[in-house]
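To keep things clear, I will list the structure first and then write my remarks on it.
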Amino acid sequence: MKELISEKQIKSRVKELAKEISDKYRGKTPILIGVLNGSFIFLADLVRELTIECEVDFIKISSYEGTRSVGTVHLLKDISADITGRDIIIIEDIIDSGLTMNFLKTRLEGANPASLAITTLLFKKEVARLNFMIDFVGFEISSEYVVGYGLDLNQKKRNLKSIFRIEQ
Ligand code: IMP
């Protein structure tokens, strides 16, 4: 494993993202929807840097086995909140192929929120197939498998403080 993004870099970028989000949603109370499991650390750090009121909810999706996407998305746990008429921000750890985000956006928009924005800590922009913009991006990375800061390899390595790439 080789360090790709240090703990210090993550901390500083999370603060910047929180400022951008706080500025954009000033006077509003968005619901941040964390995508389990990978986003739990990012979401926890992000909300503590926000200077606005917010609510938090979670959705659980599965599309990966090991380091590969299985190509289909399964909803394992739905949100609990009623998001109709609310400002929603999806909080994702990483966008790779875009499959998960396409699924999530379509599903959540079906509940008629007032607005829907997407935040991702990591974005594999070169490989992601999306026909919409990502509102808040932490870091753009190349198409390599990464672990740490919530991201796993077969459910392990989530507890690492930095983000590492797996070298073959
Ligand atoms: P997508 O549907 O291909 O965009 O993949 C999104 C999901 O796959 C993320 O929420 C992660 O759970 C997982 N994933 C994709 N790439 C990585 C990676 O490099 N490390 C760890 N998990 C990843």
Side-chain angles (χ1 to χ4, degrees), residues 1-11 13-14 17-18 21 30-47 54 56-81 83 88-111 113 116-168:
M1 289 199 315
K2 194 161 182 202
E3 190 178 75
L4 183 67
I5 308 170
S6 69
E7 188 184 355
K8 199 173 157 199
Q9 285 174 297
I10 299 170
K11 266 194 183 147
R13 190 71 189 115
V14 167
L17 287 173
I21 293 171
I31 307 179
L32 276 65
I33 301 185
V35 186
L36 292 171
N37 292 337
S39 74
F40 76 110
I41 295 178
F42 175 42
L43 178 63
D45 285 347
L46 186 71
V47 288
C54 70
V56 172
D57 199 356
F58 292 96
I59 191 164
K60 187 164 180 171
I61 301 287
S62 137
S63 68
Y64 259 66
E65 275 170 20
T67 60
R68 278 159 202 260
S69 169
V70 291
T72 45
V73 179
H74 300 281
L75 178 68
L76 302 178
K77 181 218 167 285
D78 206 350
I79 49 168
S80 315
I83 63 168
I88 301 306
I89 312 176
I90 301 175
I91 309 293
E92 177 64 297
D93 52 347
I94 187 163
I95 298 176
D96 183 1
S97 68
L99 192 74
T100 305
M101 197 47 74
N102 277 306
F103 172 88
L104 276 172
K105 190 171 186 283
T106 307
R107 188 172 177 98
L108 296 177
E109 275 176 350
L116 190 141
I118 300 167
T119 301
T120 187
L121 179 65
L122 304 175
F123 188 21
K124 296 183 189 173
K125 198 176 178 182
E126 290 158 23
V127 290
R129 286 203 216 133
L130 302 168
N131 53 10
F132 48 84
M133 299 291 287
I134 303 301
D135 305 83
F136 305 98
V137 175
F139 302 92
E140 285 181 13
I141 63 168
S142 58
S143 174
E144 54 197 343
Y145 201 81
V146 291
V147 295
Y149 197 70
L151 292 143
D152 76 305
L153 177 59
N154 290 325
Q155 301 306 325
K156 301 196 177 68
K157 315 274 187 213
R158 293 192 197 275
N159 54 320
L160 299 173
K161 290 182 181 175
S162 310
I163 293 170
F164 296 83
R165 68 163 179 256
I166 305 278
E167 297 202 315
Q168 301 298 326

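In listed order, ligands and their atoms are each counted from 1.
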Worksheet entry | Heavy-atom side-chain proximity of Met101 to Phe132 below 4.5 angstrom | yes
Practice prompt. Decide side chain to side chain donor-acceptor pair (under 3.5 Å) for Tyr149 and Asp45; before the verdict, give the C-alpha distance in whole Å, the side-chain angles of both, and the deciding distance to 0.1 Å.
Written response: CA-CA 10 Å; Tyr149 197 70; Asp45 285 347; 2.6 Å; yes
Practice prompt. Decide yes or no on side chain to side chain donor-acceptor pair (under 3.5 Å) for Ser39 and Glu92, but give the supporting numbers first.
Written response: CA-CA 5 Å; Ser39 74; Glu92 177 64 297; 5.5 Å; no
Worksheet item: So is Lys2 actually on top of Phe164's ring, under 6.0 Å and inside 45° of the axis?
Response: no
Practice prompt. Show which atoms of ligand 1 fall inside a sub-4.0 Å distance from at least one heavy-atom site of Glu144.
Written response: 19 (O)
Worksheet item: Counting heavy atoms only, which part of Asp96 comes closer than 4.0 Å to ligand 1: side chain, backbone, both or neither?
Response: both
Item to complete: Run the numbers for me: atoms of ligand 1, each under 4.0 Å from some heavy atom of Asp93, listed by number.
Response: 9 (C), 10 (O)
Worksheet item: Is there a nitrogen or oxygen of Gly98 sitting under 3.5 Å from a nitrogen or oxygen of ligand 1?
Response: yes
Discussion item. Under 3.5 Å between any N/O of Asp152 and any N/O of ligand 1: does that happen in this structure?
Written reply: no
Discussion item. Counting neighbours of NZ on Lys161 that are heavy atoms of other residues, nucleotides or ligands and sit closer than 6.0 Å, is the number greater than 12?
Written reply: no
Discussion item. Under a 4.0 angstrom heavy-atom cut-off, which atoms of ligand 1 come close to Leu99?
Written reply: 2 (O), 4 (O)
Worksheet, complete the sentence: Quick note on ligand 1: atoms under 4.0 Å from a heavy atom of Glu92 include exactly 10 (O)
Worksheet, complete the sentence: For Lys157, the salt bridge (charged side-chain N to carboxylate O under 4.0 Å, His left out) test, sequence neighbours excluded, returns none
Discussion item. With nothing but distance in play, are any N or O atoms of Val146 less than 3.5 Å from an N or O of ligand 1?
Written reply: yes
